[in-house]
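Structure first, then comments.
Letters A, B, ... mirror the listed sequences (proteins, then strands); counts begin at 1.
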Amino acid sequence: MSTNHPSTDAPVVTRFAPSPTGDLHVGGARTALFCWAYARGHDGQFVLRIEDTDQKRSSTAAANEAMKDLAWLGLDWDQGPDGEAGERGDNGPYFQSQRLSIYERFMTQLLEADLAYHAFDTAEALDAKRRAARSEKRAYRYDRAGLEVPREERFARAAAGESHVVRFRTPDRPVVIVDAVLGEATLPAGEVDDFIIRKADGFPTYHFAVVVDDALMGCSHVFRAQEHFNNTAKHLLIQEALGFAHPIYAHFPLIMNPDGSKMSKRDKDKAVRAAVKAAGIESPPEGSVDPGVFTEWLADKKAQLDHRDLIALASALGVQLPEINVQDFRRSGYLPEVVCNFLALNGWSPGDDLEKFDNAFLAEHFNLSRVQKTAARFDRDKLLAFNLDAIQAMDPDEFHARVLEHGRHYHPEFVEQLAPEQFRLLVDASRERSKTLDEVFRANHWLLLDDEAVQWPVTKPVRKAMLKGEPTGRMLLEQVRSVIETVEPFDSRSLESTLGEWAEAHCDGNLGRIAQPLRIAVTGGPVSPPIFDTLVMLGRERTMRRIMRCLKSFEPPEGD
RNA sequence: GGCCCCAUCGUCUAGUCAGGUCCAGGACACCAGGUUUUCAUCCUGGGAACAGGGGUUCGAAUCCCCUUGGGGUCACCA
């Protein structure tokens, strides 16, 4: 029997090893967070390694983005690639694609010891066997057809350059996996077949590279998601064949969608498809995406739209894309410390009733014994509530700095068009009603509008505020405009006292009677920051211009 | 389908390892009131779970078994 015996005397080295085939998603981020926290809490090292052995799907761009995401989350690594600057630590290189000669050494060792063998099966032959197994409702296992070729011939054909893979010769015995979260599990003999450890392109497969690198980089702990649990048997076997020690394994529960399905990038397309269907449209909304692209995408249910197109289409349809990747949460205006806090709560808890904590706390308190065994559904509502709480608790200067940073990145037009004082006013007025950084911008496009471009579509709340009541809101607006024109100075305080007095005299002290028509007049809609702040942000001149245009727009046909 | 793992409110979870203090606690969501110039907040209250069945025990959310349900995996992807 094979098993891993965790040893506890080695120095703690954890690693996060993303495959750079796309954006870092929340599941990966949580794994990274736990790995980081464990290393930090145990006076250990945190290694970042890029697993780019899939030549077709990997890109350095994706690796760089992943590193940016980790940095944004506040997770720093002691060893790993250092962006453009090279690498940090002595166990590099930290890109697997640059470690081929290292793998080759160990590959040769296995081949010569007959613990692995060259196999020349064609992909078609393998596919046929797989399909057959499936149709017979049998689990597919490689049948060792490759071993029917004599040993010398295998080496000769491989040396002659014939296309082949290398398979691990799996011993015929049960494998016991010891996991720090899930406990002990036994895989029966025969459950693990002779899996491929080197692909036809000469690159090692994940299983081989991960074992060699973890050993060479001194990883004492291997933390990853539960989807890797069964793979652990393969890794234990390779470790034994190569004479490596077994690291301590811990598998974390998966993070699922609220409906229990697996979270994937496709969910974004899914959300937009649903919206398209609900809207009953057959061509894309004007100015969103190319009609040809749209039609093709709509026809193929598995097709994925380019991310930029997806965003354009979603905003045109008024749907929100589900956040999946770290970058999605950043774009939506979540605070990195909140994302970390919430991620940690999916699969781990500090106990008692404590929920709010920072990464320093996590580093100090994170432990494997409190890791959940069950998959967690990702509750964006709760994340949003956490984000709101964090924003409300934030110092105004800090909030201003964060919003400015976010704006520079995602809403440069605000930063360019608004004077710094005006921007500060917007931020201060928005803080207590913002659940995300992005809301400051999303909710205040009226501020950027040209005064001549403001429009007043007569929606239900607009009708109510402007046209109902006796006198109507429009009439009150007509009356109050001279007050606004002359109030001195034009600031929040004097506007409040002046308009307060005016409301006392003209509408029974009900400020709302005049606040709403004013708000609609200057923003075009019924929602904005407190009315006095709203007016001050705009300034007297622009406020008056918008009021005049609004009055004209709501002019009764017969005159009143 | 084979193999492996898991199971507390709608959701994340505390409690489980060392059975009694649990007619099960917190948070988010939801519902009902209240505050508020819009929106968003905020305040008060409320409903809401030990998957089912068998054991073991004086006593089971906690230990054991079965059933059911959920997840993972079965690639020249990681």
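Contact check, A:T374 against B:G70: no side-chain N or O comes under 4.0 Å of OP1 or OP2. The side chain of A:K373 contributes no N or O atom lying less than 4.0 Å from OP1 or OP2 of B:U8. For B:A14, the OP1/OP2 oxygens have a side-chain nitrogen or oxygen of A:S349 closer than 4.0 Å. Contact between the side-chain N/O atoms of A:R130 and the OP1/OP2 oxygens of B:C76 is found at a separation under 4.0 Å. At least one side-chain nitrogen or oxygen of A:K435 sits closer than 4.0 Å to the OP1 or OP2 atom of B:U41.
Taking atom P on both nucleotides, B:A24 is separated from B:A40 by 34 Å, rounded to a whole Å. On the C1' atoms, B:A48 is 13 Å away from B:U8, given to the nearest whole Å. Nucleotides B:G46 and B:G26 are separated by 11 Å at their P atoms, to the nearest Å. Annotation: B:G25 and B:C9 have their C1' atoms spaced 11 Å apart (nearest Å).
Exactly one of A:D194, A:L237, A:V192 qualifies for a side-chain contact (heavy atoms from CB on, under 4.5 Å) with A:F168. That residue is A:L237.
One atom, CG of A:D179, and another, P of B:C17, lie 20 Å apart when rounded to the nearest Å. Atom CG in A:D127 sits about 12 Å away from atom P in B:C77, given to the nearest Å. As a whole-Å value, the separation of A:F357 CZ from B:C12 C1' is 11 Å. Between the CG atom of A:L187 and the C1' atom of B:U73 there is a distance of 9 Å, rounded to whole Å. Taking atom CD of residue A:Q55 and atom P of nucleotide B:C77, one finds them 10 Å apart after rounding to whole Å. In this structure, the CG atom of A:L499 is 10 Å from the C1' atom of B:U37, given to the nearest Å. For A:F252 and B:G72, the CZ to P distance is 18 Å, given to the nearest whole Å. Atom CZ in A:F208 sits about 19 Å away from atom C1' in B:A75, given to the nearest Å.
With a 6.0 Å cutoff to the six-membered ring centre and a 45° limit on the axis angle, A:R474 does not count as a cation-pi contact of A:F554. For the pair A:R167 and A:Y142, the cation-pi test (distance below 6.0 Å, angle within 45°) is passed.
Judged by atom type and distance alone, A:K382 reaches the base of B:A27 through a side-chain donor-acceptor pair under 3.5 Å. Put simply, the side chain of A:R433 and the base of B:C39 share a donor and an acceptor less than 3.5 Å apart. The base of B:U37 is not paired with the side chain of A:R513 by any donor and acceptor separated by under 3.5 Å. The base of B:G72 does not come close enough to the side chain of A:Q226 for any donor and acceptor atom to sit less than 3.5 Å apart. Donor-acceptor pairing under 3.5 Å, judged by distance alone, is present between the side chain of A:E191 and the base of B:G2.
Within a 6.0 Å sphere centred on CZ of A:R134, other residues, nucleotides and ligands contribute 12 heavy atoms or fewer.
Heavy atoms of A:P18 sit nowhere under 4.0 angstrom from any nucleic acid atom. Residue contacts for A:F378: at a heavy-atom cut-off of 4.0 Å it reaches no nucleic acid atom on any strand shown. Residue A:G347 is in sugar-phosphate contact alone, with no base atom involved, counting any heavy-atom pair closer than 4.0 Å across all strands shown. Using a 4.0 Å heavy-atom criterion, one finds that A:R377 contacts the sugar-phosphate atoms exclusively. Looking at heavy-atom distances under 4.0 Å, A:E432 makes contact with a base. No contact: A:N510 has no heavy atom under 4.0 Å from any strand. Nucleic acid contact class of A:D52 (heavy atoms, under 4.0 Å, all strands): none. Residue-level contact check: A:A376 touches the backbone only, with heavy atoms under 4.0 Å from sugar-phosphate atoms and none from bases. Within 4.0 Å of A:E51, counting heavy atoms only, lie sugar-phosphate atoms of the nucleic acid but no base atom. Residue A:K356 is out of contact with every strand shown, counting any heavy-atom pair closer than 4.0 Å. Contacts of A:R57 with the nucleic acid, taken as non-hydrogen atoms under 4.0 Å apart, include base atoms. Heavy atoms of A:H251 sit nowhere under 4.0 angstrom from any nucleic acid atom.
Closest contact between the side chain of A:L388 and the listed nucleotides B:C76, B:U11, B:U41 involves B:U41. Distance from the side chain of A:N230 is smallest to B:U73 among B:A78, B:U73, B:C12.
Residue whose closest nucleotide on RNA chain B sits further toward the 5' end, between A:Q372 and A:Q392: A:Q372. Nearest-nucleotide positions on RNA chain B place A:A139 closer to the 5' end than the other of A:A139 and A:D381.
A donor and an acceptor atom, one from each side chain of A:Q239 and A:H246, are located under 3.5 Å apart. Between the side chains of A:H406 and A:D438, at least one donor-acceptor pair of N or O atoms lies under 3.5 Å.
With hydrogens and angles ignored, the 3.5 Å screen pairs no side-chain donor or acceptor of A:R30 with any backbone N or O of A:L343.
Ring geometry, A:F342 versus A:F378: the interplanar angle exceeds 60°, so the pair is classed perpendicular (tilted spans 30 to 60°).
Remark: B:G69 base-pairs with B:C6. Criterion, Watson-Crick or G-U wobble with two distances under 3.5 Å.
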